[in-house]
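Below is one structure, written out as structure tokens; comments come after it.
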Amino acid sequence: MPNITLPDGNVLTFDKKVTGLKVAEKISKSLSKQALVISINGQLKDLNYEIDKDCSIKIFTSKDKEGIETIRHDTAHILAMAVQELFPGTQVTIGPVIENGFYYDFARKDSFTQEDLLKIEKKMQEIVERDEPTHREVWERDKAIEHFKKAGEIYKAEIIKSIPKGEEVSLYFHGKWHDLCRGPHLLSTGKVGKFFKLTKVAGAYWRGDSNNEMLQRIYGTSWSSQKDLDDYLKRIEEAEKRDHRKLGKEMDLFHFREESPGSVFWHEKGWNLFQKLISYMRQKQDEAGYKEINTPEILDRSLWEKSGHWEKFGANMYTSTTPDEKVFAIKPMNCPGCVQVFNQGLKSYRDLPLKMSEFGKVHRYEPSGALHGLLRVRAFTQDDAHIFCTEDQITEECLSVTNLILEIYKDLGFENVILKYSDRPDLRVGDDDVWDKSEKALLEAIKESKLEYSINKGEGAFYGPKIEFVLRDAIGRDWQCGTLQVDLNLPGRLGASFVDKDGSKKVPVMLHRALFGSLERFIGILIENYAGKLPFWISPLQAMVIPVSDDFNTYAIEVNKKLKKSGITSEVDLKNHNLNYKIREHSLTKIPLLLICGKKEVDSNTVTIRRLDSKEQENMEIKKLIEKFSSQAKSPS
RNA sequence: GCCCUUGUAGCUCAGCUGGUAGAGCAAUUGAUUUGUAAUCAAUAGGUCCGCGGUUCGAAUCCGUGCGGGGGCACCA
């Protein structure tokens with residue numbers, strides 16, 4: 001006699017056990033048609049699960065996250081079914097739901113080709129049409145292991161072995177085909193609909209461990225309507241258009257080449273952008289009380305041994321042997337160098353907090369497969385700083401770093417910032433009471449900042465807890481940029497000390513912080529966020545002066561000179577092309593202002609402005625133009 | 001690093017099953033003097049990523065190295 005409580009509080013009473021589908025039918029016919037999956041006392045179950053006890057339920061449709069995720073999960077099963085029908089002998093492993101889709105990992109000798117993907121997709125459509133009914137069975141563990149072993153499904157057998165004792169081992173059947181699965185699933189393969197697409201094949205390690213063999217992963221996406229699928233594919237396409245590698249080429253900002261994989265060759269315009277960011281940052285840091293320093297790129301091996309890098313970070317370090325056989329390392333981090341500057345001369349507690357910033361270029365030998373445009377490189381410039389302070393100053397200093405980061409992100413158009421807080425890892429140095437103190441101090445700073453934060457348990461650095469600053473861009477992607485770490489280890493290892501009030505020598509606390517993280521990376525993010533249409537003040541080329549014909553060249557040259565003098569980055573285009581051509585060309589390279597000069601303008605001492613992405617024409621006196629845009633050309637302060 | 005995929009002119013790409021390369025744009029030169037997203041013509045431009053092999057003959061097939069792309073692993 002189950003009494004079933006609905007989300008609106010109403011209670012339906014049945015005189016015998018009843019399936020979720022039947023409950024949906026009782027509620028409304030349309031719901032029963034749209035129903036995909038049900039939650040019973042908060043646990044997701046199949047719609048044909050039989051309810052025999054009092055409970056509260058909620059029925060999900062494709063409008064709910066639970067519904068669409070079940071569709072994706074079923075699509076993954078159908079993918080596996082299709083693959084095994086087409087390629088007998090292929091072993092199935094796991095096939096979870098991911099953001100916007102799903103994947104399934106297979107073990108097969110031959111590799112899947114792009115054409116195979118199409119074939120598989122077709123077969124999947126067939127399976128949907130066959131509308132194979134789903135049913136679930138709970139098996140005895142050893143029987144299940146035996147069964148899958150016999151069937152040649154070694155990986156599945158492995159998975160069952162790793163299911164904790166006491167947990168149910170359930171199998172899902174779609175027609176004859178079956179898979180070990182926790183569920184829930186749709187009532188039949190037909191419920192999935194046909195709004196899916198296989199997107200790519202890739203390698204993936206068994207159980208995510210690079211010591212294991214590599215499986216073949218097929219990725220796909222699945223939706224509840226053609227429109228949703230099309231929208232998704234469109235979104236992907238739009239994101240591709242923003243790719244900073246593509247835009248960087250089109251806008252003539254930088255390039256990469258074989259001779260130095262993962263290192264940027266900055267072109268004039270890219271470097272201009274780079275320098276604009278640095279000078280903006282200098283000003284900000286100067287105001288915040290930082291002292292800029294610079295330390296050597298190459299330092300003796302002994303220093304890196306002392307700091308612990310040689311042992312802990314050696315695999316990522318470039319080294320250099322001189323003709324006289326001395327071994328140096330090219331710095332992968334700026335901190336040891338910075339501590340040397342701190343160590344020079346006696347420091348007093350009165351000098352603290354001492355904030356030393358450095359635009360330091362570091363080199364790290366990253367695995368070749370990790371390289372990705374500007375976002376993952378082997379040589380990059382950190383907007384680094386190290387703050388030497390006392391333990392009592394930690395919270396305040398952390399807070400001021402957080403504020404500085406937020407201010408800077410805001411100036412660059414990122415208002416949506418999330419924090420990730422990582423606390424002590426298992427492998428760490430320092431006493432627990434010191435950790436208590438530094439974690440508490442850092443957490444306090446986060447709380448005071450009133451920002452949303454998540455906790456990554458045990459993900460801190462070996463020397464201290466850290467915050468990572470994640471910003472969300474214009475199309476909803478998250479990027480990890482800034483970082484702030486509390487270090488109670490390196491200063492001691494490298495012999496840093498200050499004279500305290502009582503005359504005794506003490507070891508200072510060191511905060512490591514980077515605002516953008518890496519200038520290279522941040523520029524990549526900026527390009528993608530703005531789809532190349534950078535804010536005026538940071539645009540590497542802010543204005544192009546275009547004479548209508550060469551009768552007006554002298555005037556255009558004059559205008560360009562005036563602009564340059566007033567601090568606007570501008571050029572004049574004297575090439576023998578017509579106006580249409582020039583407008584197209586310079587619009588494509590995303591120059592914010594096109595300034596047209598013809599007879600009308602010469603006569604009235606004006607230019608006609610055409611802004612990027614606008615067809616409007618605005619006539620303006622030169623004096624006013626300079627007044628208006630020279631202030632906009634400056635970085636925000 | 002691992003799996004898959006890819007490498008042809010400055011750029012974007014074509015070149016079927018082997019017979020030593022082609023287009024558009026860009027560049028150069030000339031004509032045109034242009035009023036808001038491609039004016040016309042001519043010229044020049046290539047170690048077909050490198051190395052090795054198969055073959056009478058390789059951009060094309062095979063091996064290998066390097067680079068790019070998509071993932072996985074990595075990301076102090």
Side-chain angles (χ1 to χ4, degrees), chain A residues 98 103 105-106 108 110-114 116-117 199-219 240 243 245-246 249-250 252 255-262 307-309 311-317 332-335 362 364-373 375-378 380 382 425 459-463 466 468 480 483 485 487 490 512 514 517-518 521 546-553 575-589 594-601 608-619:
Chain A
I98 51 173
Y103 66 76
D105 286 350
F106 299 97
R108 177 181 174 231
D110 299 322
S111 41
F112 293 113
T113 63
Q114 213 55 39
D116 290 340
L117 243 49
T199 48
K200 55 198 168 198
V201 218
Y205 296 109
W206 166 236
R207 298 209 140 138
D209 185 339
S210 58
N211 296 314
N212 290 341
E213 62 276 31
M214 189 152 273
L215 307 170
Q216 294 185 68
R217 175 171 297 178
I218 297 179
Y219 282 92
E240 272 165 17
D243 193 311
R245 293 166 297 185
K246 182 174 166 313
K249 202 182 268 175
E250 285 170 13
D252 192 19
H255 82 278
F256 290 91
R257 52 175 53 237
E258 257 185 64
E259 292 88 340
S260 190
S307 70
H309 285 84
E311 191 199 344
K312 300 266 177 204
F313 207 68
N316 286 297
M317 282 160 71
M333 295 187 200
N334 301 302
C335 26
V362 296
R364 297 179 187 176
Y365 190 75
E366 300 286 353
S368 58
L371 303 180
H372 183 93
L375 303 180
R376 192 82 184 267
V377 287
R378 283 183 176 155
F380 59 100
Q382 289 184 312
E459 296 279 302
F462 70 91
Y463 46 72
K466 67 176 178 187
E468 276 153 355
Q480 192 183 301
T483 170
Q485 302 161 6
D487 182 0
L490 271 189
H512 305 236
S518 124
R521 179 156 214 250
I546 305 173
V548 171
S549 78
D550 44 6
D551 290 342
F552 313 108
N553 281 0
K575 285 201 207 97
N576 183 11
H577 279 130
N578 64 29
L579 186 55
N580 279 332
Y581 183 93
K582 290 183 183 183
I583 288 189
R584 180 180 149 81
E585 189 190 7
H586 301 307
S587 297
L588 288 174
T589 57
L594 302 184
L595 306 174
I596 318 296
C597 310
K599 180 155 191 319
K600 200 170 74 191
E601 288 78 9
T608 298
I609 304 171
R610 182 188 163 121
R611 289 168 193 264
L612 184 58
D613 266 352
S614 164
K615 287 190 182 192
E616 256 170 66
Q617 296 176 35
E618 185 187 355
N619 193 257

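In what follows, chains carry the letters A, B, and so on, assigned in the order in which the sequence lines appear, proteins first and then strands, with residues in each chain numbered from 1. Values reported hereafter were calculated over all heavy atoms of this structure, with side chains retained and with hydrogens, waters and symmetry mates removed.
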So CG of A/Leu594 and CD1 of A/Ile609: to nearest 0.5 Å the spacing works out to 10.5 Å
4.5 Å side-chain heavy-atom contact, A/Leu588 and A/Arg584
yes
Under 3.5 Å donor-acceptor pair, A/Asn578 side-chain atoms to B/U39 base atoms
no
For a quick check of understanding: with a heavy-atom distance under 4.0 Å over all strands, which category does A/Lys312 fall into, base, sugar-phosphate or nothing?
nothing
Report yes if a donor N or O on one partner sits less than 3.5 Å from an acceptor N or O on the other, where the partners are the side chain of A/Arg207 and the base of B/A73; otherwise report no.
no
If we take the P atom in both B/A44 and B/U28, what is their distance in whole Å?
16 Å
Identify all pairs in which a protein N or O lies below 3.5 Å from an N or O of nucleotides 3-6 of chain B, and state each distance.
unit_1: B/C3; atom_1: O2; unit_2: A/Gly203; atom_2: N; d: 3.3

I'd like the C1' distance from B/G7 over to B/C49, given in whole Å.
6 Å
Round to the nearest Å and state the distance from A/Asn553 atom CG to B/U34 atom P.
13 Å
Report the residues that fulfil ring pair (Phe, Tyr, Trp, His ring centres under 6.0 Å) with A/Tyr219, sequence neighbours left out, ordered by chain and then residue number.
A/Tyr103
Name the nucleic acid region contacted by A/Phe380, choosing base, sugar-phosphate or nothing; use a 4.0 angstrom heavy-atom cut-off, strictly under.
base
Under the rule for ring pair (Phe, Tyr, Trp, His ring centres under 6.0 Å), what residues qualify as partners of A/His512, not counting sequence neighbours?
A/His386, A/Tyr463
Spell out yes or no: do the side chain of A/Tyr205 and the base of B/G71 have one donor N/O and one acceptor N/O closer than 3.5 Å?
no
When the distance from NE2 of A/His372 to P of B/C72 is rounded to whole Å, what number comes out?
12 Å
Between B/U60 and B/G70, how far is it from one P atom to the other, in whole Å?
26 Å
Under 4.0 Å, heavy atoms only, any strand: does A/Arg217 hit a base, just the sugar-phosphate, or nothing?
sugar-phosphate
From CG (A/Leu490) to NE2 (A/His309), nearest 0.5 Å:
6.0 Å
Would you tabulate the nitrogen or oxygen pairs shorter than 3.5 Å linking the protein to nucleotides 40-45 of chain B?
none

Check: A/Gln382 and A/Asn334 side chains under 4.5 Å, non-hydrogen atoms:
yes
Taking RNA chain B as the partner, which of residues 579-587 of chain A come within under 4.0 angstrom of it by heavy atom?
A/Leu579, A/Asn580, A/Tyr581, A/Ile583, A/Arg584, A/Ser587
A/Asp551 CG to B/G35 C1', straight-line distance once rounded to whole Å
13 Å
Just to be sure I understand the rule, does A/His309 reach a base, reach only the sugar-phosphate, or reach nothing, if contact means heavy atoms closer than 4.0 Å?
nothing
Assign each of A/Gln485 and A/Arg245 the nucleotide of RNA chain B bearing its closest heavy atom; nearer the 5' end lies the nucleotide of A/Arg245
Which value, in whole Å, describes the distance between the P atoms of nucleotides B/U20 and B/U34?
49 Å
Okay, side chain of A/Arg217, backbone of A/Ala202: is any donor-acceptor separation there less than 3.5 Å?
no
note: A/Asp209, atom CG; B/G1, atom C1'; distance rounded to Å ~ 13 Å
Between C1' on B/G10 and CD on A/Glu250, what's the gap in Å once rounded to a whole number?
15 Å
I'd like the C1' distance from B/C40 over to B/G57, given in whole Å.
43 Å
Please determine, for the side chain of A/Ile596, which listed nucleotide (B/U36, B/U39, B/A37) has the closest atom?
B/U36
Any donor-acceptor pair under 3.5 Å joining the side chain of A/Arg376 to the base of B/C75?
yes
Could you go step by step and tell me if A/Gln216 and A/Asp105 meet the side-chain hydrogen bond (donor to acceptor under 3.5 Å, both in side chains) rule?
CA-CA 5 Å; A/Gln216 294 185 68; A/Asp105 286 350; over 6 Å; no
Please list all pairs passing the side chain to side chain donor-acceptor pair (under 3.5 Å) test where one or both residues lie in residues 199-212 of chain A, with sequence neighbours left out.
A/Ser162-A/Arg207, A/Asp209-A/Asn211
N/O (side chain, A/Lys200) to phosphate O (OP1/OP2, B/G71) under 4.0 Å:
yes
Across the strands shown, which category fits A/Glu459 at heavy-atom distances under 4.0 angstrom: base, sugar-phosphate, nothing?
nothing
Indicate, yes or no, whether a donor-acceptor pair under 3.5 Å links the base of B/G70 to the side chain of A/Gln114.
no
Rounded interatomic separation in angstrom, taking CG from A/Leu117 and C1' from B/G71:
13 Å
Start at the 5' end of RNA chain B and walk down; is the nucleotide closest to A/Pro332 or to A/Val548 reached first?
A/Val548
My understanding is that only residues two or more places apart in sequence, or in another chain, count here; which of them pass side-chain contact (heavy atoms from CB on, under 4.5 Å) with A/Thr113?
A/Glu115, A/Asp116
Using modelled atom types and a 3.5 Å cut-off, is there a donor and acceptor pairing between side-chain atoms of A/Arg521 and backbone atoms of A/Gln480?
yes
Rounded distance in Å between the C1' positions of B/C62 and B/G18
13 Å
By side-chain hydrogen bond (donor to acceptor under 3.5 Å, both in side chains), A/Lys582 pairs with (sequence neighbours left out) none
Set of residues satisfying side-chain contact (heavy atoms from CB on, under 4.5 Å) with respect to A/Asp243, sequence neighbours excluded
A/Arg245, A/Lys246, A/Glu528
Can you name the residues that form a ring pair (Phe, Tyr, Trp, His ring centres under 6.0 Å) with A/His577, not counting sequence neighbours?
A/Tyr581
Taking a pair as Watson-Crick or G-U wobble with both distances under 3.5 Å, which nucleotide is matched to B/C2?
B/G71
Can you find a heavy atom in the side chain of A/Leu595 that is under 4.5 Å from one in the side chain of A/Ile546?
no
Under a 3.5 Å cut-off for both distances, is B/A59 Watson-Crick or wobble paired, and to whom?
none
P atoms of B/U17 and B/U6, separation to the nearest Å:
13 Å
Who does B/U33 pair with, Watson-Crick or G-U, both distances under 3.5 Å?
none
Could you check whether A/Glu601 gets within reach of a base, just the sugar-phosphate, or nothing at all, counting any heavy atom under 4.0 Å?
base
Counting primed atoms plus P, OP1 and OP2 as sugar-phosphate and everything else as base, spell out the protein contacts along nucleotides 60-67 of chain B at 4.0 Å heavy-atom distance: B, S or - for each nucleotide, 5' to 3'.
------SS
pair_partner(B/A23), Watson-Crick or wobble, both distances < 3.5 Å, evaluates to B/U12
Distance, P atom - from B/C75 to B/U55, rounded to whole angstrom
49 Å
Check every strand shown and say whether A/Ser210 touches a base, only sugar-phosphate, or nothing at a heavy-atom separation below 4.0 Å.
sugar-phosphate
Separation of A/Glu616 CD from A/Arg610 CZ (nearest 0.5 Å)
10.5 Å
Rounding to an integer number of Å, can you tell me how far A/Asn316 CG sits from B/G1 P?
13 Å
Name all residues meeting the side-chain contact (heavy atoms from CB on, under 4.5 Å) criterion together with A/Gln617; count only those two or more places apart in sequence or in a different chain, and write none if there are none.
A/Thr608
